[in-house]
Amino acid sequence: MEKKSSFIHQIEEFRQSNVLIADSISIGNQAIVRYTGEFWTAKQRQANALHEISYRACFKPQLPRFFIEHLTQPGDKVYDPFSGRGTTALEAALMGRVPVANDINPLSAMMAAPRLLPPMVEEVKQRLSEIDLSPSNSTEIDLTMFYHTDTFRELLNLRSYLIGKDGNGSLDSTDRWIRMVATNRLTGHSTNFFSGYTFPPNQAVSANRQRLINQKREQVPPYKNVKEIIVKKTKDLLKGIAEKERSTLFGIAAQAQFVTGPADSTKAISADSVALTITSPPFLDIVQYSDDNWLRCWFNGIDADAVASGITMSKKVEDWCIVMQGVFDELFRITKPGGYVAFEVGEVKNGKIKLDEAVVPLGIGAGFICEVIVINAQEFTKTANIWGVSNNSKGTNTNRIVVFRKNTATKLGGS
DNA sequence: TCAACGAGTAACGTTGTACT
DNA sequence: AGTACAACGTTACTCGTTGA
């Protein structure tokens, strides 16, 4: 006889001391308990600064922290099949858990893995001083709507250096750090980006649109010093990394696993090995992941169109569910008996579609037990101000997490 | 043709705190 | 008193796709 999940007990205690809403929803023939409230706060600058690289559609580090704290022990494997910038992987590593991460876009591991091996600022300065960014460079692509010609020349040289060393296998952890920082400085709306004024840094607009933005603002991209900007951002990222954090991360990094491929077929990850999965899949077709990352892919020699063809962009919930069922089946394979999945989605289409309700049967269909739905609702910046969408009135304003558990008893007739 | 829809972020400025 | 910096509230701003 299996004992009652201690997680629900913890949530219930939390609820009683914080006066949260508890109700339940019927899905199929089951009543799923649902708690709504402010389980964690998610303001800016409340987590480790090492997280602060922009990537489209990332959740706040407080989200994985909450579930890692409650559901794992140090040394446990914590997995994210839609890893993105690697929020789950990094937060897990900072907490002494072993990260396993997957993403269809190779950009993801390039952004996540180097931050498990944070260098000293001096190492980065030294390496940059050894790279010659001055030679004039023939270009196969015009990006002068984004960059001053001298900045563009520096970027082309850095790109050749990185792609060259990657190609002959001589890229080291300092180079990978520089590649991660540079990729994140390619476009942005303020001074410490290589580009002139453009969109906020998680989305690169098309070249044509950038020309129009330049016209409208009567701007020509100003000169930006590539090496100086990389050093500046390196310092910012390393603010929260004292020796204690550095040694935790270095100890963990050697055990971490980064996989690049579809989330429903991750053969490199062992069966029955993962203690906790924390993830957030694409929400239907809301975010244009490969378009938003086209410049980053170019900088790293990645074919963005090829990546795009593998990304789930279903418009309809039914189509999305078919793809996600495959993901859940794979999660069931790799989760260890007694392990958990915390699957985060949001409400979309002006609140009409609550994806958490669609997720419940998928996990059950894969063999999991649905434990509870945790909804973090608060006044916080999720969709605030961008596109003129005001916070808590439109767009996705809550984190809706469906928590599943794999029974410790062996499933009968399992293949 | 037009309206609906939508997974932010970095810098600035003010206030607070620590140290000389 | 003066300096440095940490903390944090506030501020600025755009595109692309779809379906009626």
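Per chain, numbering begins at 1; letters A, B, ... match sequence-line order.
Taking the side chain as every heavy atom from C-beta outward, A/V226 and A/F152 never approach each other to under 4.5 Å. Side-chain contact between A/I230 and A/L158 is present, with at least one heavy-atom pair separated by less than 4.5 Å.
Residue pairs meeting the ring pair (Phe, Tyr, Trp, His ring centres under 6.0 Å) criterion with at least one member in residues 207-256 of chain A, sequence neighbours excluded: A/H148-A/Y223.
Donor-acceptor pairing under 3.5 Å is lacking for the side chains of A/N208 and A/S206. Under 3.5 Å, the side chains of A/E122 and A/Q126 contain no donor-acceptor pair of N or O atoms.
Of the residues in residues 48-55 of chain A, those with a non-hydrogen atom less than 4.0 angstrom from any atom of DNA chain B are A/S54, A/Y55.
Nearest nucleotide to the A/C58 side chain, out of B/dT9, C/dG16, C/dC13: B/dT9. Counting only heavy atoms from C-beta on, A/F199 has its side chain closest to C/dC15 among C/dC15, C/dC13, B/dA11.
Atom NZ of A/K235 is separated from atom P of B/dA10 by 18 Å (rounded to the nearest Å). Distance, A/N184 CG to B/dT9 P: 10 Å, rounded to whole Å. C/dT17 atom P lies 12 Å from atom CG of A/N208, rounded to whole Å. Rounded to an integer number of Å, the gap from CZ of A/F146 to C1' of C/dC15 is 12 Å. Here C/dT17 presents its C1' atom at 19 Å from CZ of A/F283, a figure rounded to the nearest Å. Protein atom CG of A/L212 is 9 Å distant from nucleotide atom P of C/dG16, rounded to whole Å. Atom OH of A/Y197 is separated from atom C1' of C/dC13 by 3 Å (rounded to the nearest Å). When rounded to the nearest whole Å, the span between CZ of A/F193 and C1' of C/dC13 equals 13 Å.
In this model, the phosphate group of C/dG16 is approached by a side-chain N or O of A/R209 to a distance below 4.0 Å at OP1 or OP2. For B/dT9, the OP1/OP2 oxygens have no side-chain nitrogen or oxygen of A/R185 closer than 4.0 Å. Contact check, A/S206 against C/dG16: a side-chain N or O comes under 4.0 Å of OP1 or OP2.
The residue from A/L237, A/L90, A/I241 that alone fulfils the side-chain contact (heavy atoms from CB on, under 4.5 Å) condition with A/N48 is A/I241. Looking at A/F343, A/F328, A/F7, A/F332 one by one, the single match for ring pair (Phe, Tyr, Trp, His ring centres under 6.0 Å) with A/F404 turns out to be A/F328.
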Residues A/R179, A/L171; criterion side chain to side chain contact (heavy atoms under 4.5 Å, CB included); working and verdict: CA-CA 10 Å; A/R179 180 170 71 179; A/L171 208 66; 3.5 Å; yes
Residues A/R153, A/D150; criterion salt bridge (Lys or Arg N to Asp or Glu O under 4.0 Å); working and verdict: CA-CA 5 Å; A/R153 173 178 43 75; A/D150 292 333; 3.4 Å; yes
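Base-pairing analysis of DNA chain B finds the following stems of at least three consecutive Watson-Crick or G-U pairs, with both pairing distances under 3.5 Å: B:1-6 with C:15-20, B:8-20 with C:1-13.
Of the two residues contacting DNA chain C, namely A/V205 and A/K239, the nearest-nucleotide position lying further toward the 5' end is that of A/K239.
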